[in-house]
Participant: 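Below are the C-alpha cells for one structure; questions will follow.
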Amino acid sequence: MSGRVTAVSSDPAYGFSKPRRASVTLLAGLGVEGDVHAGRTIRHQFRMTYEPDLPNLRQVHLMHEELFDELALKGYSVAPGELGENITTRGIDLLSLPTGTLLHLGEQAVVEVTGLRNPCSKINDFRPGLLTEMFALDPASGDFTFKSGIMAVVRTGGPVRPEDTVAVELPPGPHRPLERV
C-alpha cells in the first residue's frame, strides 16, 4: 500500500489552521521542526494543563485528502492545513491502519502511527456544523469512528515535501485498531 504527500504545514504558534509550507523537517522523537506541537512531552494546549509530563504521542498530525473531497460534496470547503494537520496524504486509508504502523515519508523520514486525532469543538469555530462530519457511525459495531486524521511520533527524521511518496509498513500481527490519543 502506498500513496503520496499532497501538502505539508506547520505553525510555531498555537492556532487552529497551519500555513502550508514548501517542505517540513521531521525531528526524531520530537515532531515537525518549528511546529508548536513538537516536543517529547505533551504539547496539546489543553492537555498540557493536566498531563504535562506524559509522552507526546501527537508529534505529527496526518490527514487524508480524500476527507476534503467528501466534505466538499456536503458543501464544506476545506484545504490542506486548515484542520491543523502537518501532513496531508492521498491514496492511503489512514484511518484503517493499525497502531504501530510505520509510514515512510519521502526518502528518509519515518513516523509511527500512535492513534486517532480526537476532533474538538474548535472545528465548529472554523466551519459551523463541520464537527458533526468528523464522526461516522460503524453500522456493524455501533461505535463512532473519528475521521479527523491520525497522530504519529517521529522515528527517523528527514525532510518531507508535497509529492513525496508514502510507503506503509504494517506491524507484526495481531494488529491493534487505532484509538484516540
Side-chain angles (χ1 to χ4, degrees), residues 5-21 23-65 67 80-89 92 94-123 125-126 131 134-135 144-161 164 166-172 175-181:
V5 173
T6 60
V8 294
S9 306
S10 67
D11 196 341
Y14 284 107
F16 185 73
S17 297
K18 294 181 186 275
R20 290 205 287 195
R21 310 286 181 193
S23 69
V24 294
T25 300
L26 301 187
L27 303 173
L30 294 173
V32 178
E33 183 177 40
D35 191 78
V36 69
H37 292 102
R40 294 192 190 285
T41 57
I42 286 180
R43 305 302 307 151
H44 183 272
Q45 197 170 17
F46 174 71
R47 293 179 68 191
M48 281 189 329
T49 61
Y50 64 93
E51 300 174 313
D53 299 324
L54 288 181
N56 186 2
L57 300 179
R58 302 165 55 103
Q59 294 174 0
V60 181
H61 177 197
L62 297 99
M63 189 169 290
H64 51 298
E65 191 173 54
L67 176 62
E82 289 186 332
L83 292 178
E85 76 275 11
N86 299 111
I87 299 174
T88 311
T89 67
I92 297 173
L94 296 176
L95 302 179
S96 71
L97 297 174
T99 302
T101 297
L102 298 178
L103 298 175
H104 298 261
L105 306 166
E107 295 181 19
Q108 284 180 272
V110 179
V111 298
E112 180 180 339
V113 177
T114 56
L116 294 167
R117 176 193 181 197
N118 186 20
C120 72
S121 62
K122 289 183 179 184
I123 292 173
D125 295 339
F126 171 69
L131 181 60
M134 295 295 111
F135 299 93
F144 280 102
T145 300
F146 300 115
K147 299 192 302 186
S148 54
I150 62 172
M151 306 308 288
V153 294
V154 181
R155 292 296 177 219
T156 305
V160 180
R161 297 173 187 85
D164 278 350
V166 180
V168 176
E169 181 182 343
L170 295 174
H175 292 155
R176 290 183 303 126
L178 297 176
E179 297 179 1
R180 8 178 226 167
V181 292

Participant: Under 3.5 Å, is there a donor-acceptor pair between the side chain of T99 and the main chain of P177?
Facilitator: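 It does hold such a pair.
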
Participant: Whether the side chain of R21 engages the backbone of S10 through a donor-acceptor N/O pair (distance < 3.5 Å, no angle test) should be reported.
Facilitator: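 It does hold such a pair.
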
Participant: Ring-plane angle category for F16 and F126, please: parallel below 30°, perpendicular beyond 60°, tilted otherwise.
Facilitator: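 Aromatic pair F16/F126 classed tilted.
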
Participant: Report yes or no: does R58 contribute a side-chain atom to a donor-acceptor pair with the main-chain N or O of R43 at less than 3.5 Å?
Facilitator: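 No, the answer is negative, given that no donor and acceptor are paired below the 3.5 Å cut-off.
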
Participant: Side chains of Q59 and L26, heavy atoms from C-beta outward: is any pair under 4.5 Å?
Facilitator: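 Result no, sub-4.5 Å side-chain heavy-atom pair not found.
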
Participant: Indicate yes or no: at least one non-hydrogen side-chain atom of V5 is less than 4.5 angstrom from one of V166.
Facilitator: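 Contact flag for V5/V166 side chains = yes.
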
Participant: So does M151 get a backbone contact from the side chain of T114, meaning a donor-acceptor N/O pair under 3.5 Å?
Facilitator: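 Between the backbone of M151 and the side chain of T114 there is a qualifying donor-acceptor contact (under 3.5 Å).
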
Participant: Distance-only, no hydrogens or angles: does the D35 side chain make a donor-acceptor pair with backbone N or O of P12 under 3.5 Å?
Facilitator: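 Here the side-chain-to-backbone pair does not exist.
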
Participant: Residues two or more places apart in sequence or in another chain: which of them pass salt bridge (Lys or Arg N to Asp or Glu O under 4.0 Å) with R176?
Facilitator: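 Per chain and number, R176 pairs via salt bridge (Lys or Arg N to Asp or Glu O under 4.0 Å) with no residue.
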
Participant: Can you find a heavy atom in the side chain of R117 that is under 4.5 Å from one in the side chain of M63?
Facilitator: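 Yes, at least one pair of side-chain atoms sits under 4.5 Å.
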
Participant: Is there side-chain contact between H104 and E169, with heavy atoms separated by less than 4.5 Å?
Facilitator: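 A side-chain contact exists here, since the closest heavy-atom pair is under 4.5 Å.
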
Participant: Output yes when a side-chain donor or acceptor of E33 lies under 3.5 Å from a complementary backbone atom of L27, and no otherwise.
Facilitator: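 Flag not set: sc E33 to bb L27 has no pair under 3.5 Å.
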
Participant: Sequence neighbours left out, what passes side-chain contact (heavy atoms from CB on, under 4.5 Å) with R40? Give chain and number order.
Facilitator: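 For R40, the residues satisfying side-chain contact (heavy atoms from CB on, under 4.5 Å) (neighbours in sequence not counted) are L30.
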
Participant: Can you find a heavy atom in the side chain of L178 that is under 4.5 Å from one in the side chain of L95?
Facilitator: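 No, their side chains stay 4.5 Å or more apart.
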
Participant: If we only count heavy atoms from C-beta on, is the I150 to H64 side-chain gap below 4.5 Å?
Facilitator: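 Not touching, per the 4.5 Å side-chain cut-off.
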
Participant: Using side-chain contact (heavy atoms from CB on, under 4.5 Å) as the criterion, list what pairs up with P98, not counting sequence neighbours.
Facilitator: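 Counting only residues at least two positions away or on another chain, P98 forms a side-chain contact (heavy atoms from CB on, under 4.5 Å) with T101, L170, P171, H175.
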
